[in-house]
There are 2 protein chains.
Amino acid sequence: MFNVDIYCMITGVASYSDTEKRALSAYTKLMRAAESVTGRTSRILGAYNLTVSQFGVLEVLFHKGSLCQSELAAKILKSTGNITMVIDNLEKRNLVRRERDQNDRRFIAIHLTESGHVLIEEVFPSIMAAIVKEMSILPEREQGELARLCRLIGLQEDAGRRIDVFTIT
Amino acid sequence: MFNVDIYCMITGVASYSDTEKRALSAYTKLMRAAESVTGRTSRILGAYNLTVSQFGVLEVLFHKGSLCQSELAAKILKSTGNITMVIDNLEKRNLVRRERDQNDRRFIAIHLTESGHVLIEEVFPSIMAAIVKEMSILPEREQGELARLCRLIGLQEDAGRRIDVFTIT
DNA sequence: ATTTATTAGTTTAATGTTGAGATGTTTAAT
DNA sequence: ATTAAACATCTCAACATTAAACTAATAAAT
């Protein structure tokens, strides 16, 4: 998952300002939290032979219905070249199927197959439960606070890189 | 980087409990924040032809001194097989060098070369500045709050997976 | 001492990931 | 209509990533 980050920074070698130390502390802990949670959820997915990207695609199709590849790429924040491969691998396992749009032949709609639907309907609840468990270490109010702070950090997207609106606010 | 996550979950298709919605909202925003920050910092690294993992290794060596590969793997939370390749690529560019430990020949110490030292000394401040900028959207107090909440999430490691202690607390 | 277990690192297969360039499709401009 | 621009997808090279199998070196057990 997450590829990521700068794990052990600053040790006392050089001197950094309080502002730098504070920012770095927040940054490091944000990264470690995300890494930590993703590591555990991806191990659950591994039991179903799914990668995080594959799950992402199945989950989007499950909750949003059929989409074309560029829309899927935007949803899971990956490149279109990458989506091609992820869909290839899902198609090999007969979890999704491609269907060329007859009105605009540039588009390829991706549909969940029956077995894909069965699988995601089985996997999703266990991921949901894992997420609830991950967050349950924080009381309700602090889960909200975490969401609010992370949202502010995440919002400062580069111009031209903003992807799409969340479905849960 | 971050490999990532479940980006768009739940839309109204099914009904989820308040607990689930709250946990999922926090989870999604945590992931998006980490993804967003990592995306921007990795674009800076790209200008130096460094990947996030390569930077991670150089940064650890810079701040901690020479380490063996398994220690580096633990620091940047990657597998030892991966470290072999990352070090290979850094060695090709003459940024680090391998040195077999003469007392215990299983270990290979990794050292920064002169040019590796020059590079990380140039790159690190720009990454530091970027992190400070990322976090500066939050007032000081809230940076501390974010760090505290993320730390709690990150702490619940699986047994046997706890890696190492942070240098900044 | 010999066997056994542990540890460090490498290799391999499978998948992911990006960015850049190529192909095919549609729309806009002239 | 022809051309140009925009768009969706695919391909490719390079690097990342893990897990599992493997080699080599050391430590522990007997």
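Note on naming: letters A, B, ... go to the chains in the order of the sequence lines (proteins, then strands), and numbering restarts at 1 for each one. Because only heavy atoms are used, hydrogens play no part in the values below, and waters and symmetry mates are left out as well, while side chains stay in. What you are looking at is a predicted structure, and each value in this text was computed from that prediction instead of being measured.
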NA contact type, [X], heavy-atom cut-off 4.0 Å: base, sugar-phosphate, or nothing?
{"X": "B:D88", "value": "nothing"}
{"X": "A:D101", "value": "nothing"}
{"X": "A:N82", "value": "base"}
{"X": "B:T84", "value": "base"}
{"X": "B:T80", "value": "base"}
{"X": "A:R98", "value": "sugar-phosphate"}
{"X": "B:T51", "value": "sugar-phosphate"}

Whole angstrom value for the distance that separates [atom2] of [N] from [atom1] of [X]:
{"X": "A:L72", "N": "D:dC10", "atom1": "CG", "atom2": "C1'", "answer": "16 Å"}
{"X": "B:I83", "N": "C:dA8", "atom1": "CD1", "atom2": "C1'", "answer": "13 Å"}
{"X": "A:D104", "N": "C:dT26", "atom1": "CG", "atom2": "C1'", "answer": "6 Å"}
{"X": "A:L50", "N": "D:dT18", "atom1": "CG", "atom2": "P", "answer": "18 Å"}
{"X": "A:F55", "N": "C:dG16", "atom1": "CZ", "atom2": "C1'", "answer": "17 Å"}
{"X": "A:N103", "N": "D:dA8", "atom1": "CG", "atom2": "P", "answer": "15 Å"}
{"X": "B:M85", "N": "C:dT15", "atom1": "CE", "atom2": "P", "answer": "17 Å"}
{"X": "A:F107", "N": "D:dT9", "atom1": "CZ", "atom2": "C1'", "answer": "11 Å"}

Heavy-atom donor-acceptor pair, B:Q143 side chain to B:E140 backbone, under 3.5 Å
no
Nearest listed nucleotide, side chain of [X], among [options]:
{"X": "A:R106", "options": "C:dG16, C:dT25, C:dA8", "value": "C:dT25"}
{"X": "B:R105", "options": "C:dT18, D:dA25, D:dT9", "value": "D:dA25"}
{"X": "A:K78", "options": "C:dT17, D:dA16, D:dA8", "value": "C:dT17"}
{"X": "B:S70", "options": "C:dG16, D:dT17, C:dG9", "value": "C:dG9"}

Would you call A:R32-A:E35 a salt bridge at under 4.0 Å N-O?
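A:E35 and A:R32: not salt-bridged.
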Phosphate contact (D:dA16 OP1 or OP2) by B:N89 side-chain N/O below 4.0 Å:
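Yes, such a contact exists.
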Does some side-chain heavy atom of A:D88 sit less than 4.5 Å from a side-chain heavy atom of A:R98?
yes
Watson-Crick or G-U wobble partner for D:dC22, using a 3.5 Å limit on both distances?
C:dG9
Please tell me which of A:Q102 and A:V86 maps to the more 5' nucleotide of DNA chain C, matching each residue to the nucleotide holding its nearest heavy atom.
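It is A:V86, whose closest nucleotide lies nearer the 5' terminus.
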Test side-chain hydrogen bond (donor to acceptor under 3.5 Å, both in side chains) on B:S25 and B:K29 and set out the steps.
CA-CA 6 Å; B:S25 171; B:K29 289 174 180 65; 3.1 Å; yes
Could you tell me how the ring of A:H117 sits relative to the ring of A:F62: parallel (under 30°), tilted (30 to 60°) or perpendicular (over 60°)?
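A:H117 vs A:F62 ring planes: perpendicular.
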Could you pull out the closest heavy-atom pair between B:S126 and B:I44, with the gap in Å?
OG-CG2, 4.0 Å
